[in-house]
Number of protein chains: 2
Amino acid sequence: MIKAVRSFNRAVTQRVGALNEHYLGRSRPLGEARVLWEIGERGCDVRLLRARLDLDSGYLSRLLRSLEGAGLTALTPSDDDRRVRNVRLTKRGGAELAMLDQRSDALAKSMLSTLAPAQQERLVTAMAEVDRLLTASAVEISQVDPDQSDARLCLSAYYAELDRRFPAGFDAATGDSLEPGEMRPPAGLLLVATLGKTAVGCGVLRFHSEGWAEIKRLWVDGSVRGLGLGRRLLGELETPGCATREPHGSPGHEQVAS
Amino acid sequence: MIKAVRSFNRAVTQRVGALNEHYLGRSRPLGEARVLWEIGERGCDVRLLRARLDLDSGYLSRLLRSLEGAGLTALTPSDDDRRVRNVRLTKRGGAELAMLDQRSDALAKSMLSTLAPAQQERLVTAMAEVDRLLTASAVEISQVDPDQSDARLCLSAYYAELDRRFPAGFDAATGDSLEPGEMRPPAGLLLVATLGKTAVGCGVLRFHSEGWAEIKRLWVDGSVRGLGLGRRLLGELETPGCATREPHGSPGHEQVAS
DNA sequence: CACAATCTCTGACTTTAGTCAGAGATTGCC
DNA sequence: GGCAATCTCTGACTAAAGTCAGAGATTGTG
């Protein structure tokens with residue numbers, strides 16, 4: 001199993017990685033291309049950009065200046081908070097992005113073009129499966145304080161979803177309310193699942209004096225449903241740490257985390 | 001389809017790429033790690049190393065010097081040709097390679113560890129499929145002169161294989177010999193399939209005056225059998241260019257190759 | 001033996017991709 | 001209004017990854 005994963009890693013970094021650089025990094029450095037990509041047609045706050053690409057503020061600033069110098073982007077102060085800047089693509093920037101898009105398509109096509117139709121189909125199916133499961137495996141679950149921003153986002157997403165689901169809507173005030181204090185030890189605990197930097201699920205354990213506990217606020221974001229995340233959250237709530245250990249007790253993460 | 005491939009590319013370069021750098025580039029620059037990797041336990045000619053990693057000779061020279069400085073490798077002139085150098089790992093170099101190996105294993109494990117056993121199995125199966133098909137799609141077929149080194153390698157591999165296969169062995173001298181002249185236009189043509197820089201298959205078309213041709217010397221290396229390469233070679237011999245075009249006439253490579 | 005080709009190495013560069021420490025403008029909060 | 005926090009920018013660095021033009025040794029070939 002390990003061997004197959006390693007072989008996959010090697011093949012994929014060589015082929016896809018190399019091709020990516022070749023196709024996309026042709027007209028400008030890959031870093032700039034990535035930024036263009038992330039800005040998108042609709043523009044974006046610099047702050048958000050920095051968070052999503054996980055770049056140093058100074059570095060990003062320079063990348064943006066370089067793009068601006070090439071006439072591809074325009075920076076304007078944001079309306080509601082004049083500390084943050086808003087980037088958007090100029091006409092030329094839009095054209096550049098469209099070209100990156102085309103190249104990305106061309107790359108995808110070139111990966112299929114030499115295969116027979118039946119092979120193409122199998123490759124695409126397998127890719128989709130890998131894509132899904134790799135996403136699932138990248139989700140991290142950790143215990144956080146209910147006042148933390150991710151936690152609050154999850155809880156309000158949970159309420160919003162209930163409101164959408166119930167025919168008569170749902171009012172958080174009328175439901176069984178859980179104070180933040182009840183979601184943190186020793187009264188209870190809150191787990192949040194994150195994918196990269198965005199929260200995609202949560203679950204709460206509420207301890208009761210008699211030695212039992214109840215599970216509440218279990219929510220999984222629509223974008224990651226069907227990946228077994230709900231089950232994983234449940235498992236974590238029932239036996240903390242179970243999902244971060246190797247299934248058969250063999251040494252997993254720990255060895256590596258040094 | 002294109003969309004799925006693009007999604008896969010993005011997911012994979014982000015996750016696998018980032019993890020790779022994190023795990024493997026920890027103790028030394030990725031470039032040096034790659035070189036160590038490619039040298040392997042058994043050592044290697046510098047010339048071969050350069051070909052396999054496709055590096056500038058000056059750059060590789062410096063990388064090797066840096067590794068030598070760290071006491072990981074030793075350079076000795078090759079016995080049969082004293083222009084080329086032979087690199088091998090010292091004891092410390094071997095240890096370093098073993099550590100890279102461990103990290104690579106750990107990385108593979110970390111990609112599986114959070115998944116349920118059934119998911120793990122599906123992921124590994126899908127990865128193996130992608131691995132195979134991506135390899136298949138990376139094979140390039142081109143017409144070469146029969147005197148070229150790849151061509152000669154293929155032809156002698158073909159004879160060697162016949163010799164192994166026939167109970168009584170096979171002697172190239174007794175078989176129907178094809179002179180190089182018969183494998184190049186206008187008398188015939190020779191196709192060679194290459195994966196990266198190594199030849200993995202070939203096929204010859206011998207024209208006859210009556211307006212028909214015969215196919216000879218069709219061979220596929222054992223390492224890439226089962227990927228449909230034989231069929232592809234046949235197809236190319238029958239209708240040149242068929243496999244390098246899009247199946248449904250939509251614009252493929254050409255758009256990009258500019 | 002002369003000469004071209006091959007292989008490696010050196011020196012001098014460049015670009016990319018970052019990191020770090022502040023400065024300056026703005027905002028939220030007491 | 002004062003002060004801490006937030007966001008962006010600038011300057012000053014660094015490391016990695018590569019490119020290019022030869023120089024020097026060695027080898028095959030006519």
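Quick note on labels: first sequence line is chain A, next is B, and so on, each numbered from 1.
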Letter by letter from the 5' end, nucleotides 19-30 of chain C scores (B base, S sugar-phosphate only, - none; protein heavy atoms under 4.0 Å) BB-----BS---
The nucleotide from C:dG18, C:dT8, D:dC9 with an atom nearest the side chain of A:Leu75 is D:dC9
The nucleotide from D:dA17, D:dC7, C:dT8 with an atom nearest the side chain of B:Val84 is C:dT8
Length of the line joining [X]:[atom1] and [N]:[atom2], which is rounded to integer Å:
{"X": "B:Arg47", "N": "D:dT27", "atom1": "CZ", "atom2": "C1'", "value": "11 Å"}
{"X": "A:Leu63", "N": "D:dT8", "atom1": "CG", "atom2": "C1'", "value": "14 Å"}
{"X": "B:Glu32", "N": "D:dA15", "atom1": "CD", "atom2": "P", "value": "13 Å"}
{"X": "A:Leu64", "N": "D:dT10", "atom1": "CG", "atom2": "C1'", "value": "14 Å"}
{"X": "B:Arg34", "N": "D:dA17", "atom1": "CZ", "atom2": "P", "value": "7 Å"}
{"X": "B:Glu21", "N": "C:dT16", "atom1": "CD", "atom2": "P", "value": "17 Å"}
{"X": "B:Leu49", "N": "C:dT6", "atom1": "CG", "atom2": "P", "value": "20 Å"}
{"X": "A:Leu48", "N": "D:dC7", "atom1": "CG", "atom2": "P", "value": "11 Å"}

If each end axis of the helix from C:dC1-D:dG30 to C:dC30-D:dG1 is fitted on five C1' pair positions, the angle between them, to 10 degrees, is 10°
Residue pair A:Val130 / A:Phe8, side-chain heavy-atom distance below 4.5 Å: yes
- request: Please determine if a side-chain N or O atom of A:Arg50 lies less than 4.0 Å away from the OP1 or OP2 oxygen of D:dT8.
  value: yes
Notebook entry, point to check: Any side-chain N or O of A:Arg65 under 4.0 Å from OP1/OP2 of D:dT10?
Noted result: yes
Salt bridge flag under 4.0 Å for residues [X] and [Y]:
{"X": "B:Asp105", "Y": "A:Arg6", "result": "yes"}
{"X": "A:Arg28", "Y": "A:Glu96", "result": "yes"}
{"X": "A:Asp54", "Y": "A:Lys197", "result": "yes"}

Nearest heavy-atom approach of A:Leu97 to A:Glu41 is CD2-N, 4.0 Å
Rounding to 0.5 Å, atoms CG (B:Leu123) and CG (A:Asp131) come to a distance of 11.0 Å
d(B:Asn20 CG, B:Arg34 CZ) to nearest 0.5 Å is 9.0 Å
Greater than 12 external heavy atoms within 6.0 Å of A:Arg82's CZ: no
Are more than 12 heavy atoms from other residues, nucleotides or ligands located less than 6.0 Å from atom CD of B:Glu140? no
Open item on the list: What contact category does A:Leu30 fall into here, base, sugar-phosphate, or nothing, at under 4.0 angstrom with non-hydrogen atoms?
Closed with: sugar-phosphate
Q. Checking all strands, does B:Leu60 fall into the base, sugar-phosphate, or nothing category for heavy-atom contacts under 4.0 angstrom?
A. nothing
